[in-house]
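Working notes, beginning with the structure itself.
As the structure lists them, so they are numbered: ligands from 1, and atoms in each ligand from 1.
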Amino acid sequence: MNILVVGSGGREHAIAGTLLRSPNVQQVFCAPGNGGTATMANCRNLDLAVDDFPAIAQAVQEYDISLVVVGPEVPLALGITDYLQANNVLVFGPVKAGAQIEASKSWAKDLMAEAGIPTAKSATFTDAEAAKAYIKQEGAPIVVKADSLAAGKGVIVAMNLESAIAAVDDLFNQGFNTLVIEDFLVGEEASVLALTDGQTIIPLLPAQDHKRIGEGDTGKNTGGMGAYAPAPLVTPEIMQRIQTEVLQPTIDAFNKRGIDYRGILYAGLIITPQGEPKVIEFNCRFGDPETQAVLPLLETPLEQLMLACAQQKLAEQPPLAWKPGIAICVVASSGGYPDAYEKGKAITGIESIREAMIFHAGTKLENSQLLTNGGRVLGITAIGDDFESAIAKVYSAVSAITFEGLYYRRDIGHRFKQ
Ligand code: AMP
Ligand code: GLY
């Protein structure tokens with residue numbers, strides 16, 4: 001079968017590569033893809049925008065595509081799945097109504113309250129003065145969030161009242177018209193991505209992301225600077241609680257609202273010191289870079305699982321099969337990211353790497369030369385029998401890569417505890 005992957009990040013490169021490991025998948029198309037998907041065997045980029053639904057539907061016909069897999073949240077929130085389903089196309093990714101779980105934090109909070117899902121206490125505001133009064137009443141630390149999609153830049157964790165109040169003005173001045181303000185949760189973060197067909201929900205291996213740009217989790221938030229899986233922080237007992245207290249109740253709440261949610265449900269969690277999982281956010285898609293750590297360990301053919309989700313047959317699937325060991329992904333970014341950075345720098349050293357997988361994100365191929373083309377440029381993933389061997393392999397691979405301004409965190413996995 002042929003599959004179309006929508007998106008252009010490291011996540012989409014990892015999805016495309018994993019799909020191509022299955023003998024049932026002949027060809028993967030990426031719309032628009034990147035320098036990595038352009039050079040992978042049996043993979044071809046289509047120069048289509050992720051929100052050009054008619055052109056994507058046409059490509060489905062032209063290239064005999066059996067399944068469309070949607071990577072990023074923006075086309076999902078705009079209704080790509082609804083559009084393609086109306087054209088009788090099988091899609092892995094939720095309908096627009098389901099994508100609200102990521103596209104509106106207040107909508108997600110309402111759903112969690114209704115379903116009794118553990119999360120921080122919160123309130124929603126459209127008025128700056130009311131928001132500030134609430135902050136003064138609650139005290140710091142406190143978290144101020146833009147309600148709508150903000151490409152990872154809409155959350156301010158304020159450790160004092162002044163910065164919380166400044167965050168309110170800042171977000172309203174940026175044009176956001178609704179804010180969610182919530183209690184600060186103490187604990188360790190984990191990402192649990194789960195496959196669902198709208199009835200059955202099956203978690204993938206738990207992962208831990210590294211959202212901040214600086215070592216020791218300092219500095220600005222980014223899309224994610226590295227990840228590893230499985231994260232031992234999420235013990236089997238905690239995973240069981242996540243299944244019964246978070247994942248299944250969310251699917252039940254979707255059904256209660258008449259939403260048929262098929263694809264990935266991503267729970268961003270805080271695990272409290274008492275071992276309780278609490279939701280900090282939901283996403284309606286695979287995480288980036290968590291996917292680049294999780295999928296390399298998956299042995300069950302990915303297209304089989306995605307088809308089962310799209311066709312509502314997930315309950316018939318045998319248990320997921322995983323490779324043993326641990327996978328670690330380190331992101332190599334352009335100097336300056338997540339603020340302004342330069343593009344078009346020549347990337348060298350990739351060809352010599354044998355012990356790690358390279359997932360392209362912000363790259364492009366120009367006259368056979370690979371160039372940087374984004375903030376997060378490459379994700380480098382290595383698998384080891386244990387944490388130490390995976391770390392040694394991944395950093396040895398990263399040190400072979402060069403481009404002007406290359407930056408990466410040297411402490412990915414610093415919170416790993418066996
Ligand atoms: P989000 O986009 O909602 O995942 O928030 C971005 C980051 O802000 C998260 O990964 C956390 O590190 C932090 N964060 C968000 N909400 C909270 C909270 N209620 N308590 C503590 N940290 C939070
Ligand atoms: N790595 C965080 C995200 O995908 O939203």
Side-chain angles (χ1 to χ4, degrees), residues 7 9-12 14-15 71-74 76-77 99 101-109 112 118-123 135 138 140-159 163-164 167 171 176 179-193 204 206-214 216-229 231 264-273 276-295 329-331 333 338 359 361 375-376 379 409 412 415:
R11 165 184 53 205
E12 286 76 19
I15 292 170
E73 62 278 15
V74 169
L76 291 166
I101 194 113
E102 174 167 3
S104 168
K105 292 199 190 283
S106 59
W107 191 91
K109 280 288 190 183
M112 285 188 259
T119 185
K121 186 184 92 179
S122 75
I135 288 170
E138 293 297 313
I142 194 158
V143 185
V144 183
K145 302 185 174 188
D147 183 58
S148 51
L149 291 181
K153 297 191 176 115
V155 174
I156 295 101
V157 178
M159 299 317 283
S163 55
L171 289 172
F176 293 107
L179 305 185
V180 171
I181 301 182
E182 69 178 26
D183 286 359
F184 175 77
L185 295 174
V186 176
E188 288 264 348
E189 284 184 52
S191 306
V192 173
L193 284 58
L204 303 177
Q208 192 167 49
D209 188 12
H210 298 65
K211 288 217 166 89
R212 305 294 190 102
I213 188 70
D217 298 325
T218 55
K220 290 198 171 166
N221 259 327
T222 68
M225 295 302 292
Y228 63 88
I264 289 284
L265 178 68
Y266 163 147
L269 302 156
I270 291 258
I271 312 298
T272 69
E276 294 158 341
K278 294 197 175 185
V279 175
I280 46 175
E281 65 166 350
F282 280 117
N283 294 320
C284 62
R285 51 163 176 87
F286 279 103
D288 188 337
E290 290 93 327
T291 303
Q292 294 90 303
V294 172
L295 289 187
C329 174
V330 173
V331 170
S333 64
F359 299 116
R376 291 190 293 172
R409 276 181 60 169
I412 298 305
R415 292 181 188 274

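- E12 places a side-chain N or O within 3.5 Å of a backbone atom of G9 that can act as its donor or acceptor partner.
- Listed by atom number, the atoms of ligand 1 under 4.0 Å from K145 heavy atoms are 3 (O), 15 (C), 16 (N).
- With respect to atom 20 (N) of ligand 1, the closest heavy atom belonging to the protein is L185 N, 2.8 Å.
- Among the candidates V330, I412, V331, the single residue satisfying the side-chain contact (heavy atoms from CB on, under 4.5 Å) test with P289 is V331.
- Atoms of ligand 2 lying under 4.0 Å from at least one heavy atom of G223, given by number and element, are 1 (N), 2 (C).
- Residue, atom and distance of the protein heavy atom nearest to atom 13 (C) of ligand 1 are V157 CG2, 3.7 Å.
- For atom 2 (C) of ligand 2, the nearest non-hydrogen atom from the set N283, D209, N221 comes from D209.
- Of the protein's heavy atoms, E189 OE1, 2.7 Å lies nearest to atom 10 (O) of ligand 1.
- For the atom pair I271 CD1 and L185 CG, the distance stands at 11.0 Å (nearest 0.5 Å).
- Taking only nitrogen or oxygen atoms, main chain and side chain alike, K211 reaches within less than 3.5 Å of ligand 1.
- Of the possible donor and acceptor atoms, none in the side chain of E281 sits under 3.5 Å from a partner among the backbone N and O of G268.
- E189 contributes atom CD, which lies 8.0 Å from atom CZ of R415 (distance to the nearest 0.5 angstrom).
- Ligand 2 places these atoms under 4.0 Å from at least one heavy atom of E290: 1 (N), 2 (C), 4 (O).
- The contact set between ligand 1 and E182, taken as ligand atoms under 4.0 Å from a residue heavy atom, comprises 16 (N), 17 (C), 18 (C), 19 (N).
- No salt bridge links E182 with K105; every basic N to acidic carboxylate O contact stays at or beyond 4.0 Å.
- At under 3.5 Å, a nitrogen or oxygen of D288, whether backbone or side chain, sits near a nitrogen or oxygen of ligand 2.
- Using a 4.0 Å cut-off between heavy atoms, V143 contacts ligand 1 through its side chain alone, with no backbone atom that close.
- With 3.5 Å as the limit, one finds a donor-acceptor pair spanning the side chains of K109 and T119.
- Checking side-chain atoms of N283 against main-chain N and O of Y266 turns up no donor-acceptor pair under 3.5 Å.
- Taking any N or O of R285, backbone or side chain, at least one lies under 3.5 Å from an N or O belonging to ligand 2.
- Atoms CG and OG, on L204 and S191 in that order, are 11.5 Å from each other to the nearest 0.5 Å.
- Of all the heavy atoms of V155, the ones lying under 4.0 Å from any atom of ligand 1 belong exclusively to the side chain.
- Near K105, the atoms of ligand 1 lying under 4.0 angstrom from a non-hydrogen atom of the residue are 2 (O), 3 (O).
- Interface of F184 with ligand 1, defined as ligand atoms under 4.0 Å from a residue heavy atom, comprises 20 (N), 21 (C).
- R409 places a side-chain N or O within 3.5 Å of a backbone atom of R212 that can act as its donor or acceptor partner.
- Looking at atom 7 (C) of ligand 1, its nearest protein heavy atom turns out to be N221 ND2, 4.0 Å.
- Within the 4.0 Å heavy-atom cutoff, V186 does not count among the residues contacting ligand 1.
- Side chain of R11 to backbone of R285: no donor-acceptor contact under 3.5 angstrom is found.
- The atoms of ligand 2 that sit less than 4.0 Å from any heavy atom of G287 are 4 (O).
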